[in-house]
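Worksheet: the structure to be examined is printed underneath.
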Amino acid sequence: MKFTCLLDLASHWASEKGVDVPQLVAEICPADKPGDITLNCFRIAKGLRSNPMQLAQGAQEFLEAHQDVESVEVEKAFVNIILTPKATHEATVADAEAFFESVKLPEAERLNYLIEYSAPNTNKPLHLGHLRNNALGMALVEILKKVGHEVHPVNLVNDRGIHICRSMEAYKRFGNGETPESTGVKGDHFVGSFYVKYAQELELQVKALKEDEPGLAEQSTDKLFLQTEIGQATQRMLIDWENRVPEVIELWELMNSWVLAGFNQTYDRMGVYFDKCYMESETYKLGKDIIDVGLEKGVFYKREDGATEIDLKKYKLDKKVVLRSDGTSVYITQDIGTTILKADDFNPDAMVWVVGDEQIYHFKVLFAILKELGYEWADKLYHLAYGMVNLPSGRMKSREGTVVDADNLFDELHELAKAEIRKRFNGQELPADLEHRAEVIAQGAIKFMLLKVNPKTTMMFDPEAAVKFEGDTGAYLQYVCARIASMLRKASDSEVTDYVDWALLNHKKEKELSLCLARYPQVIQKAAQDKDTGQLGTYLLDLGKAFNGFYHDCPVLKSDVDPSLRRARLELSDRVFTTLKDGLNALTIDTLESM
RNA sequence: GCUCCCAUAGCUCAGCUGGAUAGAGCAUCAGAUUUCUAAUCUGAGGGUCACUGGUUCGAAUCCAGUUGGGAGUACCA
């Protein structure tokens, strides 16, 4: 927000005191104070090494004489300024093109980002936790694009390993040749059901084992895994998979194709897309050659027992094994290799991983190793570590059946949204796009709920609150858009002049609205910088509330409104509409012309 | 044991580089609708910002410690 009166004040001070005056940043005046904007002289005084009270006095004297200023009041070192309406609106949103252009970062600060998110396992359907990941990843992509970065989203599908073999082994035993097509079950759910069956069978075998050998009674299922018949069979299957045994590969390909088809449906519904999907089955052997290079460089060393290790005490981290003594890879080896592959593929300036906060340590280690290996992009790696999603009853536990399934949640919200629409049509003919409206509202509800909080917060998902479309919700914001769209529709046939007289918008709510709008470019840039969707969500709610206040107090289309005032209010409303839509789209939430 | 994160209204969450009397939504109570779409708006009650000390003109915010919670700490992924 660049207000002429503050620019003038800055140059006035500069010439008066003969020093450089940093840019004077205005704050929004608190609602209970007399003013539109506030100059905090406590803050300015530090830079100028002056007395805050005297600065405030001086500011008042200067500003009272300024043509953009109606009045000034000083409280302590706060200078509360009431601007003329013209100055308020023209410094903020009058020039729509300039306003939206100011969202973009300077050319020199724009980067090429590579963002990895989602990273599902192909053995179970997606649940609420994945939805937080997906929503964050998608939104981060759009926010970064919005401020001018180039962004490439990628996925890394965990399609191999012992957990995948579990579903396969169970299918071999209990599948009876059924398929998603023959049963009509979505592919990922179909395969997931065998993962569940596997767990049941394993428990039975463990129980039998413990009955045979009471000494094992205290052992965990994981410990006894390889002593069960099914566990051994699964382990053999993993080895067969690695040896590319045709019938195992065939089954694996078949079941993965089912799961991925299911995931793609869910992705499409959310609007998830990727520039590239890496499959772990194709990348899991990567990284070993890099370890050799690192050994030569002295980054790694061989331990006496043959394992290859790196000492990261310089980074306040522990030692980390990167190759087992038998020469095989560990998880981080693969991650090193995959990261380098991604860097080669996209040549990014910066990379982001959207992964849960339980892996914070892992990424610290990964980044430190890549730094030691000397990659030029190693300083621009970021782990967006989000907190987990809890239920009122606590953590989601698959064993207790409390996992909130993604597809079911979508369906449930869709039906509830539809019921809400029906309620409002109250017997009238329903709109032709009823299903579309319900889906946009449902997606908006779940996404906004997940994105409005700070990503790092361990958040609570309350099903009761999620199914309401009131208060701090996506629907609240979509509703504002629908209201404005309705006004703009009704006004479209009226005469539209190019000239908007912003000086007419002198109502407190009108000025507040412009001042709130004016924060948008900074907010979205800060959200991009901090990779924090919560800041944007909070802001959009502020904007929505500011509009609803205006809408309540300032009639636009009523017959007694002067045409030029109506014109100006429509223009302001249009700016809210465009901004809200832009901001919601940055959160990957769609808007509606009618709800 | 060690490391990291968290603690703000009954509940869920904001609170930017320290700045005015700590905010919002939900819930509770009281109001507003011959509508520009009430999925809305207005008002009320509700706080020892976990605790103790420190830095500062000024601390929810910074520092140290205490208590309580979560996560991580494998030749697992």
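Just so it is clear, the structure is predicted and the values come from calculations on it, not from any experiment. Quick note on labels: first sequence line is chain A, next is B, and so on, each numbered from 1. Every heavy atom of this structure was used, including side-chain atoms; hydrogens, water molecules and symmetry mates were not.
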Quick one: the side chain of A:Thr38 and the base of B:rA20, do they pair up donor-acceptor inside 3.5 Å? yes

For B:rA24, which nucleotide is its Watson-Crick or G-U wobble mate, given both distances must be under 3.5 Å? B:rU12

Does B:rU55 have a Watson-Crick or wobble partner in any strand here, with both distances under 3.5 angstrom, and which is it? none

Would you call A:Phe78 stacked on B:rA20, i.e. ring centres under 5.5 Å apart with the planes less than 30° off parallel? yes

Side-chain N,O ([X]) to OP1/OP2 ([N]) below 4.0 Å:
{"X": "A:Arg43", "N": "B:rG18", "answer": "no"}
{"X": "A:Arg324", "N": "B:rA74", "answer": "no"}
{"X": "A:Lys509", "N": "B:rC41", "answer": "no"}

When we call it a touch if two heavy atoms are under 4.0 Å apart, what does A:Glu593 touch: a base, just sugar-phosphate, or nothing? base

Over all heavy atoms of both residues, which pair between A:Ala438 and A:Ile421 is shortest? Give the atoms and the distance, please. N-CD1, 3.9 Å

In whole Å, measure the gap between the P atoms of B:rG43 and B:rA14 for me. 25 Å

If the P atom of B:rU28 is compared with that of B:rU37, how far apart are they to the nearest Å? 29 Å

Nearest listed nucleotide, side chain of A:Lys545, among B:rA14, B:rU37, B:rC41: B:rC41

Grab the CE-P distance between A:Met460 and B:rC13 for me, whole Å please. 6 Å

